[in-house]
Amino acid sequence: NVVTRSPEKGSRAFIDVSYGSFSTGTVAAGVTEKVGGGDGLALLYGQKSDGAFTFNWDDTPNFEGNVPVQRRRENNDAQAGGALVRFRRALPKGFRADVLAEGFVDGRGLAGTAQNPTPDARVGTERGTVGMRVTRPFEKAQLELLAFARTNHSRLQGGTFGPAFGQFDNGAGLEAVYSHLFGERLALTAVLSGAGEWLVTQNDKPSWAKLSAMVMEELFLFDAALT
């Protein structure tokens with residue numbers, strides 16, 4: 001369940017840029033716009049850090065008189081970036097839809113320790129997420145439908161990992177929630193959900209699925225200050 005800021009009504013553009021130590025820079029830019037009869041939001045973002053720095057190293061600190069050797073921290077860089085889009089609009093018969101999709105990639109070096117540096121070990125990730133929520137309010141009730149799917153690819157290579165090793169972690173699910181207020185003090189909420197996840201590696205493909213149902217009762221006291 002990805003929660004983000006809702007698209008703003010009307011047009012708006014924004015950009016944010018920063019730069020700091022270790023040649024670290026970030027940038028994010030986006031726009032909100034009326035499109036397709038609804039409100040849209042698009043966002044691009046990225047960041048990068050060299051992560052390299054020099055430090056004094058003493059390989060035998062228990063012996064007095066040693067002269068520290070200057071070393072440089074290498075393979076400590078990181079890069080990441082992605083995009084996000086969100087769209088919401090009213091539908092016929094009082095329904096409202098909200099759709100969100102995001103893609104993200106990152107990569108970074110695994111520098112290791114000062115005693116055992118790993119100049120070529122790397123880790124990377126690619127991720128995709130999409131979700132859709134449809135709501136329908138009534139006089140004293142609300143129906144909410146949610147569908148989502150995600151995939152995440154991670155990989156390790158270099159150093160002690162040897163050739164590239166990767167895996168895919170995937171998931172998808174559906175959920176329906178109905179809430180009803182009886183009078184002024186009693187509310188009932190029913191939830192029906194189903195989801196599945198499956199992992200794909202070089203050797204195995206484990207998976208699982210679940211189906212659940214829940215009914216919750218709420219009692220409002222002291223003008224809903226206590227439930």
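Here, residue 1 is the first one in the sequence, and each next residue gets the next number.
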Going by heavy atoms in the side chains, are Leu181 and Phe138 under 4.5 Å from each other?
no
Has Phe14 got more than 12 heavy atoms of other residues, nucleotides or ligands less than 6.0 Å from its CZ?
yes
Heavy-atom distance under 4.5 Å between the side chains of Thr189 and Val177, does that happen here?
yes
Taking 4.0 angstrom as the limit, do Arg133 and Glu175 come out as a salt bridge?
no
Any side-chain heavy-atom pair of Gln167 and Ser154 under 4.5 Å
yes
Is there side-chain contact between Arg89 and Leu91, with heavy atoms separated by less than 4.5 Å?
yes
Does some side-chain heavy atom of Trp57 sit less than 4.5 Å from a side-chain heavy atom of Gln115?
yes
Work out which heavy atom in Ala213 is nearest to a heavy atom in Leu192; give both atom names and the distance.
CB-CD1, 4.1 Å
Anything under 30° is parallel, anything over 60° is perpendicular, the rest tilted; go ahead and classify Tyr178 against His180.
tilted
Could you tell me whether the side chain of Arg127 reaches within less than 4.5 Å of the side chain of Glu102, counting heavy atoms only?
yes
Main chain of Gly158, side chain of Asp120: is a donor-acceptor contact present, judged purely on distance under 3.5 Å?
no
Is there a path of hydrophobic side-chain contacts, each under 4.5 Å between heavy atoms, that joins Leu186 and Met216?
no
Side-chain donor or acceptor of Arg185 paired with backbone N/O of Phe220 under 3.5 Å
yes
Less than 4.5 Å apart, side chain to side chain, heavy atoms only: is that true for Val27 and Lys48?
no
Donor-acceptor side-chain pairing of Thr135 and Glu144 below 3.5 angstrom
no
Do the side chain of Asp106 and the main chain of Thr125 share a donor and acceptor less than 3.5 angstrom apart?
yes
Shared hydrophobic cluster for Leu44 and Val85 (ILVMFWY, side-chain gaps under 4.5 Å):
no
Using modelled atom types only, decide if a donor and an acceptor are shared between the side chain of Arg96 and the backbone of Pro137 within a distance under 3.5 Å.
no
Value for NE2 (His153) from OG1 (Thr151), rounded to nearest 0.5 Å, stands at 9.0 Å
Considering only NZ, NE, NH1 and NH2 on the basic side and carboxylate oxygens on the acidic side, decide whether Lys210 and Glu197 come within less than 4.0 Å.
no
Does any part of the side chain of Phe161, heavy atoms only, come nearer than 4.5 Å to the side chain of Val123, both counted from C-beta?
no
Does a sphere of radius 6.0 Å around CZ in Arg108 hold more than 12 heavy atoms from other residues, nucleotides or ligands, not counting ones at 6.0 Å or beyond?
no
